Amino acid sequence: MTHKGPTLENFSVRIFDFPFPIEIGSVCDLDFMPNGTPLTIQGSESHQVIIWGQDRLALPEKWTSPEFPFIRYLPDGRLLVADSGYKLAREKNAWILNSRGSVESHFEIGSAAVEVAGLWGLIAVAYHPLSARAHGHQIQPLQKTGIAFFDLQGRLVMGFNQEAARVGVNVENVRCMTALSRSQLLFVPERLTVKGQEVENPVVLFDCASRRPKIYSSPKPRAEAVTMNDNFIHLASPEGWEDQIITFDAETKISQHRGEFLGVFRGIEGGAFLAQLSSADYAVIVPGVPEEAVPFAGPSSGQEVVPI
């Protein structure tokens, strides 16, 4: 176990460890079915496969075995895989597969995707164009949407910035995104403006049905992972707090330091984080509701902005 210090128990952070059987190489990415069955992409830079429960499925023929692939379970029982490698950055690099591994849709999500989420009838892809440029990719118009939404045939349906422009909101460079449900997303952009005015340390809750954003100002900027439950927003590794988990009340703005945990790399549904401890060991971290709203030493979490 790689977490440190007694503060995790003190702040009622629950930790669930689970190992994965490694059939080939190491686990490159994973997701879960509603019953808890894991879906993984396993392998190395030379060859990767999908492990779906007890089944081993081949990845599509053009798959380049990228270092950071995506695999996501879709609500209709199929799965999405996306190749984040440089070779396919300007080609069709995402596939929807059925349970037999047959390709049912093949489409382009572009480069610089930092997170992918399967929703009811939609696939959300969050982008960080500056990271794309840093890795030699060209910035594409698709990346300027902040988050792009595709249907299950891979057709672009809408972009967050295009929808949010109706209420004067614009985001740049999304750092992390979590599907709180099959219709709600929570994400952290590096910059957000409301009618030209910049919001400090923004966190955005977006309802895909109403297409209306709700915007909060967090106590720290640039979190690497985010999740939410019971009106508490949890941030992992915000700037200046590497490997830390910080919680703030979305309504009262009171903030709290929860403890240190290495390996957190994304938020998941239910107000939890998924952490990778080794090539075969993972943990689900559930911060839970704070027993007391005790602020930690840091700046005010700011004011919530609801441009509706």
Side-chain angles (χ1 to χ4, degrees), residues 1-17 68 114-115 126 128 130-131 134 171-178 180 185-192 198-205 214-278 281-305:
M1 176 64 67
T2 57
H3 60 87
K4 297 181 180 179
T7 54
L8 288 169
E9 288 87 13
N10 291 348
F11 289 101
S12 57
V13 176
R14 294 178 294 151
I15 304 166
F16 303 90
D17 295 299
F68 301 108
V114 295
E115 187 55 88
H128 194 294
L130 283 185
S131 69
V171 302
E172 298 176 17
N173 296 307
V174 176
R175 293 183 60 83
C176 54
M177 176 181 73
T178 301
L180 299 180
L185 295 173
L186 187 72
F187 65 96
V188 176
E190 289 191 355
R191 186 171 187 266
L192 180 146
E198 190 163 348
V199 175
E200 184 180 14
N201 306 339
V203 177
V204 183
L205 178 62
K214 191 171 186 179
I215 302 161
Y216 303 94
S217 185
S218 77
K220 286 287 182 179
R222 301 171 181 263
E224 294 183 4
V226 64
T227 189
M228 182 178 187
N229 67 328
D230 296 321
N231 213 44
F232 289 90
I233 296 176
H234 311 288
L235 307 173
S237 295
E239 189 174 87
W241 290 75
E242 185 178 0
D243 301 322
Q244 306 296 317
I245 297 174
I246 291 170
T247 293
F248 72 98
D249 187 314
E251 298 299 330
T252 68
K253 314 305 177 193
I254 294 175
S255 307
Q256 189 175 93
H257 174 236
R258 310 305 298 280
E260 181 177 21
F261 201 100
L262 303 179
V264 173
F265 69 88
R266 83 170 188 257
I268 55 178
E269 190 174 343
F273 293 106
L274 185 64
Q276 184 173 10
L277 309 179
S278 71
D281 294 298
Y282 287 76
V284 171
I285 306 161
V286 185
V289 178
E291 295 178 5
E292 294 183 45
V294 180
F296 74 97
S300 167
S301 58
Q303 296 296 313
E304 177 185 0
V305 180

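Keep in mind that what you see is a predicted model, and the values were worked out from it rather than measured. These values consider heavy atoms only, across backbone and side chains, with no hydrogens, waters or symmetry-generated copies.
If you take CZ on Phe232 and CD on Glu251, they are separated by 10.5 Å, rounding to the nearest 0.5 Å. Considering OG of Ser237 and NZ of Lys220, their distance stands at 12.5 Å, rounded to 0.5 Å. Atom CG of Asp249 and atom OG1 of Thr247 lie 10.0 Å apart (nearest 0.5 Å). Atom CG of Leu205 sits about 7.0 Å away from atom NZ of Lys214, to the nearest 0.5 Å. For the atom pair Gln244 CD and Glu224 CD, the distance stands at 11.5 Å (nearest 0.5 Å). Rounding to the nearest 0.5 angstrom, the gap separating the CD atom in Glu198 from the CZ atom in Arg191 is 4.5 Å.
Of all the heavy atoms in Phe187 and Val171, the pair that sits closest is CE1-CG1, 4.2 Å. Heavy atoms only, all atoms of each residue included: Ala283 and Phe261 are closest at CB-CZ, 4.2 Å. Contact detail for Cys176 and Ala223: the closest heavy-atom pair is SG-O, 3.5 Å. Here the shortest heavy-atom pairing between Pro189 and Glu172 reads CB-O, 3.8 Å. Leu277 approaches Leu262 most closely through the heavy-atom pair CD2-O, 4.2 Å.
Using a 4.5 Å heavy-atom threshold, the side chains of Leu235 and Trp241 count as separate. Ile233 has its side chain out of reach of Ser218: every pair of non-hydrogen atoms, C-beta onward, lies at least 4.5 Å apart.
Proximity of a side-chain donor or acceptor of Thr227 to a complementary backbone N or O of His234 within less than 3.5 Å is not detected.
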Identify each donor-acceptor pair in which a side-chain atom of residues 263-274 lies under 3.5 Å from a protein atom, sequence neighbours left out, and give them as a table.
unit_1 : atom_1 : unit_2 : atom_2 : d
Arg266 : NH1    : Asp29  : OD1    : 3.3
Arg266 : NH1    : Leu30  : O      : 3.2
Arg266 : NH2    : Leu30  : O      : 2.7
Arg266 : NH2    : Asp31  : OD1    : 3.4

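A side-chain contact (heavy atoms from CB on, under 4.5 Å) with Met177 holds for exactly one of Val114, Val188, Leu186, Leu185; it is Leu185. Partner Leu192 forms a side-chain contact (heavy atoms from CB on, under 4.5 Å) with one of Val199, Val203, Val174 and no other, that one being Val199.
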